[in-house]
Amino acid sequence: MTPYTAHTTEPVAGCAREEGTMSEQKPVQAQQTKAQGRGNGSRGPGYDDELYRIRHSAAHVMAQAVLEMFPEAKIAIGPPIEHGFYYDFDLPRPLTPEDLERIEARMREIIRGNHPFVRREVTPEEARELFKNQPYKLELIEDILSRGTDEYGNPLPEGERPVLTVYQHDTFVDLCRGPHVEHTGQIPVDAFKLLNVAGAYWRGDERRPMLQRIYGTAWKTAKDLRRYLNWLEEVKKRDHRRLGKDLDLFSIQPQLGAGLVLWHPKGGFIRHQMETFAREEHLKHGYQFVYTPHIGRSWLWETSGHLEFYKENMYAPMDIDGQEYYIKPMNCPFHILIYKSRVRSYRELPLRFAEWGTVYRYERTGVLHGLMRVRGFTQDDAHIFCRPDQMPEEIDRVLQFCLHILRSFGFSEFEAYLSTKPEKAVGSEEMWRDAEAALEAALQRAGIPYEIDEGGGAFYGPKIDLKLKDALGRSWQCSTIQFDFNLPERFDMTYVGEDGREHRPYMIHRALLGSMERFFGIMIEHYAGAFPVWLMPVQVRVIPITDRHNAYAQQLVQRLQAADVRAEADLSDERMNAKIRRAQLEKIPYMLIVGDKEVENGTVSLRTRTGERENNIPLEAVVERVQRVVAEKALI
RNA sequence: GCCGACGUAGCUCAACAGGCAGAGCGUCCGCCUUGUAAGCGGAUGGUUGUCGGUUCGAGUCCGACCGUCGGCUCCA
């Protein structure tokens, strides 16, 4: 697949006590401001790249076209972004798709005019005069002058003093730092396209006016543009909401409620396989499974601090016998109660409590998105309680385990973010230092690339967020390993040490897949619905050519099932071609086609979902192959 | 939550400018007995998301609600 970098969100903040264990998010177009602020080159062309200049210039040309169409338009900002550019406008009416076509057509004319981009430094007075009818620009000017930020609100590079510059091409002048191409003719006229219009708050602030944002994409060559548009098509084809329906995996129905997922038998089967495997591995790695209820008294949430810090994500309490109960947004308080159910000795640590815990969180309607962002979901959650001397090894083990699980599900590329102590934090300096050191050491040993988000940790502890890359090159945050210096205090958790005195244990939250719903969504898109054979509900479909081969087909199914291969025969009244087509659409890995020849020889003809063919082979060869592929967790 | 678009049969979509709601696929019933991605015929299928309003008449116009989509914001 085309290796475009992901549409990536910022690392998920998750929630308080359990930062990121939720890892609910959806990919959105990366925000240039943030990307620049981080100096993260992977999100798009760097500041001075040719692509950057093309896209930036295209944004200016678009603004000119829009201003010609709406002379009274107010223009905001128009930066280059990961795959293109956008520009925000305050317009007298909503834009239509036809408007976009007109704007695009006009852009081509402007481009063909070969108008030079001219940079000019201006005095504050000049700038204010020049943009006197552009309130957004005036605001930016004052910001640049007073706060030393660029036009996107980012701090200026070190050593740079606020200088106001404008760029002009043809009739359009914009407050802009540049750089641009030399003249509009250098914007490849056949390598850009306006994509869509969307609402966007002025300066990203929901209290400020809603502007209209036009997104465009721009490349160096028409071929690159086509490649990108094809990639978008591929993204669309793999959309888990589409495939979820086509493959009958799950549904989300208004009659049930938004953001609440129904797992259909096929989706349920795959999830069951995934969970069964993961549970086995957890047991092998020293985890103990616990089960906890879905609701708990307000005491629990008061003690944990959720009612203080997380209330807006929690559903209203229900009254039970005059007591307030809340449906759980997190599992941790329950696991802590299990820990606290009796005195703990240093000898029994570390304790690793795992639970596929279903939690419910209020999400605003506008953010719900298929399986990726829902209101009820199941985390592959665990909490590790250990002594300080055990902590570094625990961290190392949990990271290794995490990578092992993710690799088992077919992901091989990861990147990690280590978030360290913010200004306001609980816990001693020493605890933070030790924890951060352990996290970083584990990352280095694991040999995965990581970035340090200095001061980006939650107030209660440092963490590692792990992102995986899918087949389309998009990255998704799933796993999180998160220290918590806060909850052990709040719940007064202790263990009796060697010295006979009470000590505070370390507490580590971790989720590997994050949410089963979301991870399943990622799997669907990663595999385009053609899951590895070990996960497929039906691994082999036997296709008799005519109904006189049905008995033989059924016999084959029995032999396959006896060998633990999930097989079924298509005995429908269709002709073979239609049966193959149906199996193909269902993405069933192996089709066994049997007619007179096969019956006579006691063989089968194999067709894989990838189109591979092997005629007249013994059934045993197929069984062997399926068993091998299942054992290897391979694709086909 | 905010901006915009949208909601018609199980699915994908059509219905000029307010005038009898339609097609393909699916499903069901027949026929066909077939060699690597759709055989043929027939039947079935709808209170046009819900509620209210305008009109002689509403899928179509207006309002509210529910939900979906593209973004924004949010995801201490």
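In this text, all values refer to a predicted model and were calculated from it rather than measured experimentally.
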Determine the interatomic distance between C1' on B:rC11 and the same-named atom on B:rG4; round to the nearest Å.
27 Å

Protein within reach of the bases, or only the backbone? For nucleotides 1-11 of chain B, mark each nucleotide 5' to 3' as B, S or -, using heavy atoms under 4.0 Å.
BBBS-------

Tell me every residue that passes ring-ring contact (aromatic ring centres under 6.0 Å, His included) with [X], counting only those two or more places apart in sequence or in another chain.
| X | value |
| --- | --- |
| A:Phe89 | A:Tyr87 |
| A:His60 | A:His56, A:Phe172, A:His180 |
| A:Tyr136 | A:Trp202 |
| A:Trp356 | A:His282, A:Phe289 |

With sugar-phosphate meaning primed atoms plus P, OP1 and OP2, does [X] contact a base, only sugar-phosphate, or nothing at under 4.0 Å between heavy atoms?
| X | answer |
| --- | --- |
| A:Ser605 | base |
| A:Asp205 | nothing |
| A:Asn577 | sugar-phosphate |
| A:Gly204 | sugar-phosphate |
| A:Lys579 | nothing |

For RNA chain B, the dot-bracket notation using Watson-Crick and G-U wobble pairs below 3.5 Å, [ ] for pseudoknot-type crossings and | for other-strand pairs, is (((((((..((((.....[..)))).(((((.......))))).....(((((..]....))))))))))))....

With nearest nucleotide decided by heavy atoms, which residue, A:Asp239 or A:Asn313, maps closer to the 5′ end of RNA chain B?
A:Asp239

Produce the list of close N/O pairs, under 3.5 Å, pairing protein atoms with atoms of nucleotides 23-32 of chain B; give distances to one decimal.
unit_1, atom_1, unit_2, atom_2, d
B:rC31, N4, A:Asp573, OD2, 3.3
B:rC32, N4, A:Asp573, OD1, 2.8
B:rC32, N4, A:Asp573, OD2, 2.9

Under the salt bridge (charged side-chain N to carboxylate O under 4.0 Å, His left out) rule, collect the residues that match up with [X], sequence neighbours excluded.
| X | result |
| --- | --- |
| A:Lys421 | A:Glu429 |
| A:Glu139 | A:Arg203, A:Arg208 |
| A:Glu568 | A:Arg541 |

Which residues within residues 613-623 of chain A lie with some heavy atom under 4.0 Å of an atom in RNA chain B?
A:Arg613, A:Asn615

Sequence neighbours left out, what pairs pass salt bridge (Lys or Arg N to Asp or Glu O under 4.0 Å) with at least one residue falling in residues 591-607 of chain A?
A:Arg548-A:Asp596

